[in-house]
Amino acid sequence: MPMRIWRDTIVCSPTNPYGLKCKFVDEGEYIPCHWVPSENYQGFFHVLHGGIQATLIDEIASWAIFSHEKTAGVTTEMQVKYRRPVRTDQGEIWLRAKVTEVARRLVTAHVELFNEKNELATEADVVYMIYPEEVARKKLDWPGAEAFYKPVEEEE
């Protein structure tokens, strides 16, 4: 099921002029995202900057945790392994995330990022500290999990 964006964020907002404009889909176990990088995000010539990869990883992990735990939180740890280059000039890449561990308020998501050749290029384990929903609503202005699943035509 397609998931809605939340505000004018750097990764998923379609209206943020500096944003990545990613779209996420809830497929049950995994949250995938397909994205076409541009030269604006290169580090070395035609290679996607590692910080942009980490940003994508952090974001999709949060969406997996929103979907799985029905609340929000903050990233506390991210272990990233860069295995292969990701090109910015050869088309679509994709990534996916799934929750792998829940230990009280700490939730771990595993993320895999595949390059334009569909090779596993980068992977990470992201640990989130989640809040009870009522605290997330107050501290993070969390709109509730249901806000992510409204049909697009209901958006204002």
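In this view, His49 satisfies the ring-ring contact (aromatic ring centres under 6.0 Å, His included) rule with no residue, not counting sequence neighbours. Ser62 is linked by a side chain to side chain donor-acceptor pair (under 3.5 Å) to nothing, counting only residues two or more places apart in sequence or in another chain. Glu123 meets the salt bridge (charged side-chain N to carboxylate O under 4.0 Å, His left out) test with Arg83; sequence neighbours excluded. Applying the salt bridge (charged side-chain N to carboxylate O under 4.0 Å, His left out) test to Glu112 and every residue at least two apart in sequence or in another chain returns Arg96. With sequence neighbours excluded, no residue satisfies ring-ring contact (aromatic ring centres under 6.0 Å, His included) with Tyr30.
At a threshold of 4.5 Å between non-hydrogen side-chain atoms, the residues Cys33 and Leu56 do not count as touching. Looking at Leu106 and Arg104, their side chains never come closer than 4.5 Å, going by heavy atoms from C-beta outward. In this structure the side chain of Val80 never reaches within 4.5 angstrom of the side chain of Gln53, judged on heavy atoms. At least one side-chain heavy atom of Leu48 sits less than 4.5 Å from a side-chain heavy atom of Ile93.
No single ILVMFWY cluster, assembled from side-chain heavy atoms under 4.5 Å apart, contains both Leu120 and Val126. Under the 4.5 Å side-chain contact rule for hydrophobic residues, Tyr128 and Val102 share a cluster. When the side chains of ILVMFWY residues are joined at heavy-atom separations under 4.5 Å, either directly or via intervening members, Tyr41 and Val36 end up in two distinct hydrophobic clusters.
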Sequence neighbours excluded and cut-off under 3.5 Å, please list the side-chain donor-acceptor pairs for residues 129-136, or say none.
residue	atom	partner	partner atom	Å
Glu133	OE2	Arg137	NE	3.2
Glu133	OE2	Arg137	NH2	2.7

Exercise. Show the numbers, then the answer: is there a side chain to side chain contact (heavy atoms under 4.5 Å, CB included) between Ile60 and Trp35?
Key: CA-CA 12 Å; Ile60 200 168; Trp35 182 66; over 6 Å; no
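More than 12 heavy atoms of other residues, nucleotides or ligands lie within 6.0 Å of CD in Glu39, so this atom counts as buried by the packing criterion.
Between the side chain of Gln90 and the backbone N or O of Glu116 there is no donor-acceptor pair closer than 3.5 Å.
Atom CD1 of Ile52 is separated from atom CG of Leu113 by 12.0 Å, given to the nearest 0.5 angstrom. Lys70 contributes atom NZ, which lies 10.0 Å from atom CD of Glu146 (distance to the nearest 0.5 angstrom).
Defined by atom type and a distance below 3.5 Å, a donor-acceptor pair is missing between the side-chain atoms of Trp63 and Asp26.
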